[in-house]
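Heads up: the structure comes next, in structure tokens.
Only heavy atoms go into these numbers, but all of them, side chains included; no hydrogens, no water, no symmetry mates.
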2 protein chains.
Amino acid sequence: MVNSSKYIQMALVMKAMAHPSRLFILEMLKEKEHCVCELQELIHSDMSTVSKHLSVLRNAGIITSRKHNNQVFYRLLCPCVLDAFQCVIEVGKNIDKET
Amino acid sequence: MVNSSKYIQMALVMKAMAHPSRLFILEMLKEKEHCVCELQELIHSDMSTVSKHLSVLRNAGIITSRKHNNQVFYRLLCPCVLDAFQCVIEVGKNIDKET
DNA sequence: TGGCTATTTGGCATAATTGGCAAATACGCT
DNA sequence: AGCGTATTTGCCAATTATGCCAAATAGCCA
């Protein structure tokens, strides 16, 4: 039951999202696609780090990419993941306030 | 921006959910509260492992617990986290099918 | 071809997660 | 108090994640 691939796969997707920079990236991709260099200016990290975050999200099936000239543009594949954000923010407010 | 506590806190919540056993637990708690021993029968793990998973979820503000006799019952604090499940399952189907 | 920019990959050190066992704690019961 | 059940905690080894640097790759343009 618990070992069904359903939960393993869900965990892969959620683990991919479970990082501050990657959540930020998803929110940035909400409006429109962005290239790596644009995201790197917003995130204060090495470009290689940003690139790796993007490949984590892509491997999880959350985003996809297209190449235009020598830039790579990423966009949300399933915008529905953003629907969970408001709830997660609410849950976050409970942190360390419960016994 | 990316370093705002908003994303850090969201990541804490999502990281707490990002484990097959913990996702399973959340689904079990959907209908009604359960004690640790009930969950342990469903999950094939040591009871201490199950207890630790539960405390991860509780520390993230997702579930809460009450003691009744010598048992501890856990229940969902924010059932809204389950709303994300269907989307995450859909996203999971994209895994390794995108370039 | 060579130079330039954009992106990805490999390597590596550090940090965090995971799960089992044993020990400790909590609680009811006699 | 002493016993049995339920749960948590401490410890530890193995695995996985993170982020930077340097090097490699890709594509444009002169």
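- Sulfur-to-sulfur, A:Cys87 and B:Cys78 sit at least 2.5 Å apart at their SG atoms.
- Between A:Arg75 and A:Thr64 there is a side-chain heavy-atom pair separated by less than 4.5 Å.
- Taking atom CZ on B:Arg66 and atom C1' on D:dT8, their separation rounds to 18 Å, with Å as the unit.
- Between A:Ile8 atom CD1 and D:dT16 atom C1' there is a gap of 16 Å when expressed in whole angstrom units.
- At a threshold of 4.0 angstrom between heavy atoms, the contacts of A:His44 with the nucleic acid are absent.
- Contact annotation: A:His53 side-chain N/O to D:dT18 OP1/OP2 distance is not under 4.0 Å.
- Looking at B:Lys67, its side chain has no donor and acceptor atom pair within 3.5 Å of the base of C:dG28.
- In this structure, of D:dT7, C:dT18, C:dA6, it is C:dT18 that holds the atom nearest to the side chain of B:Arg22.
- Taking atom CG of residue B:Asp46 and atom P of nucleotide D:dA6, one finds them 14 Å apart after rounding to whole Å.
- A close approach under 4.0 Å does occur between a side-chain nitrogen or oxygen of A:Tyr74 and OP1 or OP2 of C:dT8.
- A heavy-atom distance below 4.5 Å is found between the side chains of B:Ile63 and B:Leu76.
- Side-chain proximity of B:Arg58 to D:dT8, D:dT18, C:dT17: nearest is D:dT8.
- Residue contacts for A:Lys52: at a heavy-atom cut-off of 4.0 Å it reaches a base atom on one of the strands shown.
- When heavy atoms are screened at a 4.0 angstrom cut-off, A:His68 is found touching no nucleic acid atom at all.
- With the nearest nucleotide of DNA chain D identified for both A:Ser21 and A:Asn69, A:Ser21 has the one nearer the 5' end.
- Closest approach of B:Met17 to B:Arg22, counting heavy atoms only: O-CB, 4.4 Å.
- When rounded to the nearest whole Å, the span between CG of A:Asn59 and P of C:dT9 equals 9 Å.
- Two residues are said to be in side-chain contact when any heavy atoms from C-beta on lie closer than 4.5 Å; A:Glu27 and B:Lys6 meet this criterion.
- Within 3.5 Å, no donor on the side chain of A:Ser45 pairs with an acceptor on the base of D:dC20, nor the reverse.
- Out of C:dC27, C:dT5, C:dT7, the shortest distance to the side chain of A:Asn70 is found at C:dT5.
- Side-chain N/O atoms of A:His19 include one lying less than 4.0 angstrom from OP1 or OP2 on D:dG19.
- Computed from coordinates, the A:Met47 CE to D:dT25 P distance equals 19 Å when rounded to whole Å.
- Between A:Phe24 and B:Tyr7, the ring planes lie perpendicular to each other; the angle is over 60°, past the 30° to 60° tilted range.
- Regarding contacts with the backbone of D:dG19, every side-chain N or O of A:Thr49 stays at 4.0 angstrom or more from both OP1 and OP2.
- By the criterion of side-chain heavy atoms lying less than 4.5 angstrom apart, applied directly or through intervening Ile, Leu, Val, Met, Phe, Trp or Tyr residues, B:Val56 is not grouped with B:Ile62; the two fall into different hydrophobic clusters.
- Residue B:Leu54 contributes atom CG, which lies 7 Å from atom P of D:dT8 at whole-angstrom precision.
- Note that CD of B:Glu33 and CD of B:Glu38 are 9.0 Å apart. Values are rounded to the nearest 0.5 Å.
- Residue B:Phe73 is classed as having no contact, given no heavy-atom separation below 4.0 Å to the nucleic acid.
- Residues from residues 23-42 of chain A that place a heavy atom under 4.0 Å from any atom of DNA chain C, listed by number: A:Cys35, A:Val36, A:Cys37.
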